[in-house]
Amino acid sequence: MIARLVAGRTVAALATALIPTGLTLAVIRVTDSALDLGVVLAAEMLPMLLLLPVGGVIADRFPPRRVILVADLVRCAAQVTLGALLLLGHPDIAVMAGLAALTGAAVAFGVPAVSPLVLGVVPAERRLRVNAHIGVAGGLAQIAGPALAGGMTLWLGPGWSFLLTGALFAGSAVTLGGLVAAPRPAAERAHFLGDLREGWREARRHRWFLVSVAGHGVWHLGAGVLLTLGPVIAVRSLGGEPVWVVVAQAGTVATVLGVFVAPRLPIRRPLAVAAVGAAVYACPLVAFAFPAAFPAAFPAPAMVVTAAYVVAMLGVGVLTPLWETVVQQRVEPQALGRVDSFDALISFAARPLGLAAAAPLAAWAGGAAPLLTAAALVAAVNLAVLALPEVRRRTTEEAAQSPVPV
């Protein structure tokens with residue numbers, strides 16, 4: 001049953017990774033308009049952000065397997081419809097935006113239900129390893145997805161890429177059929193806003209959660225800044241486009257490696273390790289800032305910025321399964337979906353903010369200023385998490401106090 005869960009999440013991760021590249025290339029082929037591309041991408045992002053808290057409530061009210069099943073089937077229908085329209089002719093941009101919005105809405109309902117599903121299917125002693133397996137699958141999908149979508153679009157046309165994506169979501173839905181989740185503790189249900197407030201009270205009850213999520217939001221903000229300015233700096237000061245490709249791919253491999261080794265490390269204070277893992281994202285921000293500020297006086301070799309980015313993404317890879325496992329262990333099971341939705345909302349919203357703010361700030365203050373500011377914030381906010389005693393608590397102590405039987 002656990003193998004079925006991991007297989008389903010792997011297929012869903014690959015399908016999800018196909019969408020951004022396929023959607024971008026499809027819009028460019030249909031209209032060749034940057035404005036249309038922005039509209040379609042925003043149409044996918046906005047419903048996801050707006051509906052994430054709603055998805056958290058639904059994930060706690062209904063069996064998570066059923067919620068994910070519906071979300072996968074909706075995404076399957078949207079992708080197959082878009083693929084068919086592309087094969088039959090040039091679809092209207094409004095229709096493409098509508099199907100992208102439907103996909104984003106399905107993501108908002110599916111994401112908060114994953115953690116409750118893992119909680120119900122996987123025994124506590126195997127949860128960290130299963131979270132790591134799912135994380136490795138997601139990392140590999142991020143490597144393979146864009147290449148697969150780009151290759152299919154170039155050789156066969158964008159429609160076939162979306163048909164493949166729809167088939168993968170259908171396969172993910174099929175894997176959910178054999179899963180049997182343990183029943184969650186019964187809880188009194190209020191109206192929607194009451195459930196939402198109850199979920200927020202559960203999140204506020206855990207000081208470590210709110211402070212850590214703030215740190216994660218800041219590093220997502222920093223990632224948005226780096227992903228905007230990093231390619232420009234690489235092209236202008238570090239040797240050209242191939243340097244950025246190497247940096248990005250090395251970072252992706254490091255993320256997968258970090259997720260893979262996390263359950264194999266003798267970690268006794270997982271929240272503290274996760275906080276440090278997020279804080280080291282300051283390294284590539286600083287490494288890229290110097291050639292941005294002093295391109296002639298400080299010609300940083302590509303190896304330096306690549307190494308800094310690898311260290312950062314290795315830390316991100318380690319923190320991911322640790323964080324998910326601790327949240328599943330310490331948060332009340334009947335509120336886990338809502339608490340996870342708040343985490344996802346902050347993370348998903350922070351990165352586009354960094355992407356949007358980086359270029360105007362760089363034009364006003366120079367390329368180094370946004371990078372160094374982001375580096376200081378990432379390091380300060382995430383290292384401040386270590387001041388909390390519950391973050392420094394050892395795993396043996398938290399197991400004794402966990403609401404989840406271990």
Side-chain angles (χ1 to χ4, degrees), residues 20 38 41-42 44-46 48-50 52-53 104 107-108 111 138 142 203 208-234 244 247-248 251-252 254-255 258 271 274-290 292-293 305 308-320 323-324 327 340-387 391:
L41 295 179
E44 183 182 23
M45 177 65 69
L46 288 178
M48 182 173 64
L49 294 177
L50 294 174
L52 266 170
V107 171
V111 166
Q142 291 299 318
W208 59 268
F209 175 83
L210 291 179
V211 177
S212 297
V213 166
H216 298 169
V218 170
W219 84 253
H220 274 286
L221 179 72
V225 173
L226 182 61
L227 293 175
T228 300
L229 301 181
V232 178
I233 296 169
W244 177 252
V247 170
T252 305
T255 305
L271 283 176
V276 174
V280 296
Y281 199 86
C283 295
L285 290 165
V286 173
F288 273 94
F290 278 100
V305 295
Y309 195 61
V310 165
V311 169
M313 299 312 292
L314 189 66
V316 169
V318 170
L319 82 85
T320 301
W323 171 255
E324 291 171 352
V327 171
D340 253 9
S341 72
F342 298 136
D343 183 7
L345 177 62
I346 292 173
S347 298
F348 288 162
R351 184 167 298 203
L353 180 60
L355 291 169
L361 288 174
W364 174 63
L371 291 165
L372 292 175
T373 301
L377 288 173
V378 168
V381 176
N382 284 285
L383 292 179
V385 176
L386 300 176
V391 169

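Values below: all heavy atoms of this structure, side chains included; hydrogens, waters and symmetry mates excluded.
- Atom CG of Leu386 and atom OG of Ser212 lie 9.0 Å apart (nearest 0.5 Å).
- Here the CD1-CG distance, from Ile233 to Leu226, works out to 8.0 Å after rounding to the nearest 0.5 Å.
- Using a 4.5 Å heavy-atom threshold, the side chains of His220 and Leu353 count as separate.
- A pairwise comparison of heavy atoms in Val378 and Ala282 identifies CG1-N, 3.9 Å as the closest pair.
- Two residues are said to be in side-chain contact when any heavy atoms from C-beta on lie closer than 4.5 Å; Pro370 and Leu229 meet this criterion.
- Screening Val225, Val305, Leu372 for a side-chain contact (heavy atoms from CB on, under 4.5 Å) with Phe288, the sole residue that qualifies is Val305.
- Heavy-atom minimum distance, Val381 versus Gly215: CG1-CA, 3.6 Å.
- Taking the side chain as every heavy atom from C-beta outward, Trp208 and Val327 approach each other to under 4.5 Å.
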For this session: Could you give me the CA-CA distance, side-chain angles and deciding distance for Asp340 and Val111, then say whether side-chain contact (heavy atoms from CB on, under 4.5 Å) is met?
Result: CA-CA 8 Å; Asp340 253 9; Val111 166; over 6 Å; no
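- The NE2 atom of His216 sits 10.5 Å away from the CD1 atom of Ile346 when rounded to the nearest 0.5 Å.
- Across all non-hydrogen atoms, the minimal contact from Leu319 to Ala278 is CD2-N, 3.5 Å.
- What you find for Ala308 and Ala287 is that their closest heavy atoms are CB-CB, 3.8 Å.
- Note that CG of Leu285 and CG of Leu377 are 10.0 Å apart. Values are rounded to the nearest 0.5 Å.
- Taking the centre of each ring, Trp323 and Trp219 stay at or above the 6.0 Å mark.
- Of all the heavy atoms in Ala203 and Phe342, the pair that sits closest is CB-CD1, 4.1 Å.
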Problem set entry | side-chain contact (heavy atoms from CB on, under 4.5 Å) between Phe209 and Asp343, worked out | CA-CA 9 Å; Phe209 175 83; Asp343 183 7; 3.9 Å; yes
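- Between Thr255 atom OG1 and Leu314 atom CG the span is 8.0 Å, to the nearest 0.5 Å.
- Taking CG of Leu50 as the start and CE of Met45 as the end, the distance is 11.5 Å to the nearest 0.5 Å.
- Considering every non-hydrogen atom in both Ala374 and Gly222, the closest pair reads CB-CA, 4.1 Å.
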